[in-house]
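The shown structure was predicted, so the numbers you read here are calculated from the model rather than taken from an experiment. Every chain is numbered from 1 and lettered A, B, ... according to where its sequence line falls, protein lines coming before strand lines.
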Number of protein chains: 2
Amino acid sequence: MSSVDEDGDLTAKAVIRNAALRLFAELGHDAVTMRQIAAAAGVSPALVVHHFGSKDGLRAAVDAYAGRAFDSLFAMDEHDVADAVAGDNWMSVAEMFARAFPPGSPLPAYLRRLLLTNDPAGAALFGRWFNQTHQLLDSLTEIGATRPSEDPAVRAAFLLVNDLALLLLRNQVAAAIGVDPLTPEGMARWAKEVTAVYQQGAFVSAPEEEQS
Amino acid sequence: MSSVDEDGDLTAKAVIRNAALRLFAELGHDAVTMRQIAAAAGVSPALVVHHFGSKDGLRAAVDAYAGRAFDSLFAMDEHDVADAVAGDNWMSVAEMFARAFPPGSPLPAYLRRLLLTNDPAGAALFGRWFNQTHQLLDSLTEIGATRPSEDPAVRAAFLLVNDLALLLLRNQVAAAIGVDPLTPEGMARWAKEVTAVYQQGAFVSAPEEEQS
DNA sequence: TAGCATACTGAACATGAGTTCAGTCGACGA
DNA sequence: TCGTCGACTGAACTCATGTTCAGTATGCTA
């Protein structure tokens with residue numbers, strides 16, 4: 001079996017859930033069959049439905065499990081807001097992921113699936129992150145750490161979307177710049193450039209104030 | 001039928017291809033059945049395989065068709081580079097899409113699917129866009145329109161990824177800020193904020209302030 | 001010990017998928 | 001007029017999928 005390595009003393013139910021999480025993240029919910037999941041977990045297909053009722057039930061359980069994992073990430077984030085305010089580098093969601101989860105974790109890919117399939121769970125997650133980003137920006141503005149924005153909601157969405165983009169397009173970015181941006185090396189290069197743009201901008205304002 | 005409105009004088013083969021493009025874009029390749037496509041095109045399932053050989057053949061045909069459409073978008077982009085250089089606002093990929101394709105076009109959603117499924121066609125597209133963005137930045141730097149970057153490749157990837165993210169997360173963004181960012185109204189708000197950040201930055205560089 | 005609930009399995013079932021096939025219809029050239 | 005070719009269809013076939021079911025084993029409780 002491919003999952004023996006981390007079975008340990010987990011219950012069969014947990015083993016099935018983990019196998020499903022990994023397969024769902026890699027291949028997508030629809031492309032994964034109950035038989036694949038059962039095989040990956042080293043059990044019979046009937047046991048999967050015994051524990052989770054149906055494939056939808058399993059999916060719901062996996063969603064809930066991943067949701068809890070993301071929530072803990074959330075808590076860590078709240079805690080690190082102080083650092084974000086104190087330091088002068090932007091702590092991206094991708095960076096938080098890379099720090100919170102081991103390299104082989106299927107959770108980043110699972111978040112990707114959630115956001116891309118227009119899943120309600122993904123929408124809820126995005127909404128919470130958006131609110132948190134919005135509040136963080138407000139706090140930063142209060143202490144004068146950000147340049148004021150005429151449209152704080154759009155700015156929050158812009159920053160959040162930029163962060164998530166790295167997660168969504170990780171593979172394409174890796175191919176383009178030659179290094180996986182979720183490795184420490186890639187993260188360093190990425191963060192440096194992001195910080196530069198967010199602090200000084202990327203383009204020089206046109207001298208003439210006359211615009212169409 | 002739902003596609004009668006634009007059938008016109010198209011051949012049945014083209015009608016099938018269009019119906020498949022729309023359904024693939026909306027629901028994903030795997031979630032769409034041959035019978036759905038046939039029904040949407042007002043045709044029997046057997047005719048679909050008669051014209052395209054198999055579902056994979058149909059998918060390949062749709063990919064090729066969409067690829068040609070994106071290539072034409074590409075050409076337009078090259079042509080508009082002058083404007084991008086002359087004006088002082090960043091012309092995003094999402095903006096190009098909104099201008100090139102009618103509001104109801106399935107092509108943005110199809111590109112989304114291409115990028116998300118790690119499709120080779122999507123990877124090739126991303127690679128070409130990356131190279132073009134890189135060159136554009138070089139040109140802009142030459143004429144002093146950008147602040148110099150220590151890592152031009154990463155900066156190009158960063159800007160491109162930010163643009164594409166809006167396409168990928170369109171729905172979530174719409175829910176968060178209350179307006180679809182691909183409509184003229186939404187685009188205006190989004191572009192204004194993006195331009196502001198890209199010109200002046202979002203954060204104030206931390207001086208030697210005492211930090212808690 | 002008896003009784004019972006729970007974990008678990010192998011085999012079968014029902015359904016929906018992609019595909020095949022025999023055949024109809026109409027256009028067009030000899 | 002005949003014959004052929006391509007567009008097109010309805011029905012059937014094959015297969016994989018999610019699910020069900022009858023039954024076994026193991027431990028817990030009384």
Side-chain angles (χ1 to χ4, degrees), chain A residues 1-4 6-66 110 113 117 119-121, chain B residues 1-4 6-66 110 113 117 119:
Chain A
M1 317 284 121
S2 62
S3 58
V4 165
E6 58 183 40
D7 279 6
D9 54 354
L10 292 179
T11 74
K13 192 172 179 179
V15 172
I16 293 170
R17 195 232 305 118
N18 289 349
L21 170 62
R22 173 157 259 117
L23 286 169
F24 284 163
E26 282 173 11
L27 306 172
H29 298 100
D30 292 339
V32 176
T33 72
M34 295 288 265
R35 284 169 177 82
Q36 276 181 282
I37 297 167
V43 300
S44 73
L47 188 62
V48 180
V49 13
H50 171 72
H51 278 304
F52 296 96
S54 67
K55 191 182 182 182
D56 276 344
L58 172 58
R59 182 188 166 145
V62 170
D63 276 354
Y65 177 73
Y110 198 79
R113 293 275 168 204
T117 49
D119 199 291
Chain B
M1 306 296 118
S2 60
S3 58
V4 164
E6 57 183 41
D7 280 6
D9 54 355
L10 292 179
T11 76
K13 192 172 178 179
V15 172
I16 294 169
R17 197 231 305 119
N18 289 349
L21 170 62
R22 173 157 259 118
L23 286 170
F24 284 162
E26 282 173 10
L27 305 172
H29 298 100
D30 292 340
V32 176
T33 72
M34 296 288 264
R35 286 169 176 82
Q36 275 181 283
I37 297 167
V43 124
S44 75
L47 187 63
V48 179
V49 15
H50 172 72
H51 278 304
F52 296 96
S54 67
K55 191 181 183 181
D56 276 344
L58 172 58
R59 180 187 167 147
V62 170
D63 275 354
Y65 177 73
Y110 199 79
R113 283 254 131 68
T117 49
D119 200 294

B:R113 side, atom CZ; B:F24 side, atom CZ - distance, nearest 0.5 Å: 11.0 Å
Candidate pair A:V15 and A:V43, rule side chain to side chain contact (heavy atoms under 4.5 Å, CB included), full reasoning: CA-CA 9 Å; A:V15 172; A:V43 300; over 6 Å; no
Approximate separation, where rounding is to 0.5 Å, of A:K13 NZ and A:L58 CG: 10.5 Å
Closest contact, heavy atoms only, B:P45 versus B:R35: CG-CG, 3.9 Å
Contact boundaries on DNA chain C for chain B, cut-off under 4.0 Å to non-hydrogen atoms: C:dA17 to C:dC21
Residues which pass salt bridge (Lys or Arg N to Asp or Glu O under 4.0 Å) with A:D119, listed by chain and number, not counting sequence neighbours: A:R59
Listed partners of B:A14 passing side-chain contact (heavy atoms from CB on, under 4.5 Å), at least two apart: B:L10, B:T11, B:R17
Heavy-atom closest contact (A:S44 atom, A:A38 atom, distance): C-CB, 3.7 Å
Aromatic plane relationship, B:H29 with B:Y110 - under 30° parallel, 30 to 60° tilted, over 60° perpendicular: perpendicular
Where A:Q36 and A:L27 come nearest, the two heavy atoms and their spacing: NE2-CD1, 4.0 Å
Separation of A:M34 CE from A:L47 CG (nearest 0.5 Å): 10.0 Å
Sub-4.0 Å heavy-atom contacts from residues 44-54 of chain B onto DNA chain C, ordered by number: B:A46, B:V49, B:S54
Letter per nucleotide, 5' to 3', of nucleotides 24-29 of chain D [B base touched, S only sugar-phosphate touched, - untouched; heavy atoms, 4.0 Å]: ------
Rounded distance (nearest 0.5 Å) linking atom CG of B:L21 with atom CD1 of B:I16: 13.5 Å
Interatomic distance, A:L23 atom CG to A:N18 atom CG [nearest 0.5 angstrom]: 11.0 Å
Neighbours of DNA chain D within residues 24-36 of chain B, by heavy-atom distance under 4.0 Å: B:R35
